[in-house]
Participant: 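Can you keep this structure in mind? I'll have questions shortly.
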Amino acid sequence: MTDTQIHLSGWEKNIERPLDVICLGRAGVDFYGNTDGADFTTETSFKKCVGGSPANVAIGLATLGAKSGFIGCLSNDAQGQYVRHYMREKGIDLAGVKTLFGEYRTSLAVAELRPEPEVVIYRNNAADLALMTTDIDAEYLASAHCLFVSGTALSTSPSREATLSAMQTAQLSGTLVVLDLDYRPYSWASAADPAHYYRLAASLSDVVIGNREEYEVMGIPHDNEESHINAASELLSGGTELVVIKAGSEGCDLFGLDGNGNLLKRSQPIFKVEARKPYGAGDAFAAALLFALLNHYTLQDAAAMGAANAAINVTGDTCGDAMSTLPALKDFMESHGYQFSTQP
């Protein structure tokens, strides 16, 4: 299988829309340890930043220069107000963000700053999971070229129904749909549920992104190359145009079809760096991949830009603040010997 002619339709911005990508799902607060290598017992201070996979992707896109928006719910307290302020300062459109009163709380994560950290996430009465179908605005979705959805938003009602409604509504308006499986086991009431809802959401998606373990949760084995091909073939036969299977330090594989319906594959290695922490890499990858696809880079360059943004992010001390600008991203790639095949 060759990688040079994977056919992706709809990514050219032929119709002007106010936003490039709207991200849907959770936005929360992250506390990161300030001491490299320290565990929670010995850590004495923490740095505050906004987190949550969809929020990180929106921040990553905005930092690269894209026009990003957000759909989600935040609590009416200091944490919710901080998240709003931070995202607004990044230039993210918050027209789709709802404020909740009562006992709902914006999520909080406390994380160590080391390559294999302990992360504690507080998700009781999580505000983002209270998103309702009535919060989904068809005109807002139609104002963007792409909708990015986190699989965690599918884990419980009413967020599940709201997310599926948003995906269907986006499709009807010609807005591309990207699903990041983003499996968090603690969010699901039953281990039997994710496979069903992931498959349903994948059938509404133009792009599906996940790691090997997440595809296995989806009910698709990941133990060898043949299983990857079978997984990609299954999803691509349902209307998805691009399947991304991430494998950590082994990089990632991207599968699609050529103009004749033949399965094609591209493999993208990582950019080797000294990581300070692992989280944020997947969100940085998704942000740069989508930015590149929407700005007429080849799939080869888009995948490499995703890998580079992930590498840059893990050398930082947060997720959101460690997202790269476009000039810094290109400088990093060129310093590692990468040569672009296109320069939009």
Side-chain angles (χ1 to χ4, degrees), residues 21-26 52-57 71-72 107 121 123 126 128-133 136 141 146-171 175-224 226-248 252-257 263 281-283 285-286 289-290 306:
V21 183
I22 293 174
C23 298
L24 181 152
R26 72 187 184 284
S53 180
N56 286 336
V57 174
I71 295 174
S107 295
I121 302 179
R123 298 276 286 156
D128 57 281
L129 294 177
L131 186 71
M132 303 178 69
T133 55
I136 304 303
L141 288 169
C146 178
L147 170 68
F148 175 90
V149 170
S150 161
T152 298
L154 298 166
S155 63
T156 189
S157 297
S159 174
R160 175 183 297 155
E161 291 77 14
T163 302
L164 293 171
S165 175
M167 298 173 82
Q168 292 173 317
T169 303
Q171 276 194 327
T175 299
L176 297 158
V177 179
V178 177
L179 170 67
D180 190 321
L181 297 178
D182 188 35
Y183 179 61
R184 312 282 170 152
Y186 52 78
S187 296
W188 295 83
S190 169
D193 288 342
H196 171 72
Y197 290 108
Y198 279 160
R199 285 177 178 271
L200 178 57
S203 72
L204 301 171
S205 303
D206 297 279
V207 178
V208 179
I209 303 172
N211 59 40
R212 294 174 178 177
E213 293 73 21
E214 287 170 332
Y215 281 104
E216 185 170 37
V217 169
M218 194 176 178
I220 301 174
H222 73 276
D223 50 355
N224 55 48
E226 183 179 357
S227 66
H228 297 170
I229 294 172
N230 291 338
S233 297
E234 178 182 339
L235 293 174
L236 294 168
S237 67
T240 299
E241 288 196 320
L242 182 64
V243 176
V244 183
I245 302 178
K246 298 182 291 186
C252 69
D253 292 328
L254 300 92
F255 294 89
L257 302 176
L263 182 68
D283 303 330
F285 173 89
L289 176 73
L290 297 185

Participant: Answer whether the closest heavy-atom distance between the side chains of Y186 and I121 falls below 4.5 Å.
Facilitator: yes

Participant: Would you confirm whether T156, through its side chain, and A189, through its main-chain N or O, come within 3.5 Å as a donor-acceptor pair?
Facilitator: no

Participant: Considering residues at least two apart in sequence or located in another chain, which fulfil the side-chain hydrogen bond (donor to acceptor under 3.5 Å, both in side chains) criterion with D283?
Facilitator: S53, N56

Participant: With side chains defined as the heavy atoms from C-beta onward, is the minimum distance between L289 and I209 less than 4.5 Å?
Facilitator: yes

Participant: Between atom SG of C146 and atom CD1 of I22, what is the distance when rounded to the nearest 0.5 Å?
Facilitator: 9.5 Å

Participant: Ignoring hydrogens and geometry, is there a side-chain-to-backbone donor-acceptor pair from R199 to M218 under 3.5 Å?
Facilitator: yes

Participant: Got a second to check how far K246's NZ is from E213's CD, nearest 0.5 Å?
Facilitator: 10.5 Å

Participant: Taking all non-hydrogen atoms of both residues, which atom of P54 and which atom of C23 are closest, and how far apart?
Facilitator: O-CB, 3.5 Å

Participant: Quick one: does V217's side chain get under 4.5 Å of L181's, heavy atoms only?
Facilitator: no

Participant: Supply the atom-to-atom distance S187 OG to L129 CG, rounded to the nearest 0.5 angstrom.
Facilitator: 6.0 Å

Participant: Of all the heavy-atom pairs spanning L254 and C252, show the shortest one and how long it is.
Facilitator: CD1-SG, 3.9 Å

Participant: Return yes if some donor-acceptor pair links the side-chain N/O of T175 with the main-chain N/O of L141 below 3.5 Å, else return no.
Facilitator: yes

Participant: Could you check L147, L179, L200, L235 and say which one makes a side chain to side chain contact (heavy atoms under 4.5 Å, CB included) with S205?
Facilitator: L179

Participant: Can you tell me how far apart CZ (R184) and OG (S150) are? Round to the nearest 0.5 Å.
Facilitator: 7.0 Å

Participant: Any non-hydrogen side-chain atom of V149 less than 4.5 Å from a side-chain atom of D182?
Facilitator: no

Participant: Does any N or O in the side chain of S107 come within less than 3.5 Å of the main-chain N or O of A126, such that one atom is a donor and the other an acceptor?
Facilitator: no

Participant: What is the minimum heavy-atom distance between P194 and A191, and which atoms define it?
Facilitator: CD-O, 3.3 Å

Participant: Just wondering, do I136 and L24 contact through their side chains at under 4.5 Å, heavy atoms?
Facilitator: yes

Participant: Do L257 and L263 have side chains that get closer than 4.5 Å, going by heavy atoms?
Facilitator: yes

Participant: What is the ring orientation for Y183 with W188, classed by angle as parallel under 30°, tilted 30 to 60°, or perpendicular over 60°?
Facilitator: tilted

Participant: With a 4.5 Å cut-off on side-chain heavy atoms, are Y215 and V243 touching?
Facilitator: yes

Participant: Side chain of S165, backbone of E161: donor and acceptor closer than 3.5 Å?
Facilitator: no

Participant: Nearest 0.5 Å please: distance from the CG atom of L176 over to the CD atom of Q171.
Facilitator: 10.0 Å

Participant: Would you indicate whether the side-chain heavy atoms of R123 and R26 approach each other to under 4.5 Å?
Facilitator: yes

Participant: Output, in order, the C-alpha distance, side-chain angles, deciding distance and verdict of side chain to side chain contact (heavy atoms under 4.5 Å, CB included) for F285 and V244.
Facilitator: CA-CA 11 Å; F285 173 89; V244 183; 3.9 Å; yes

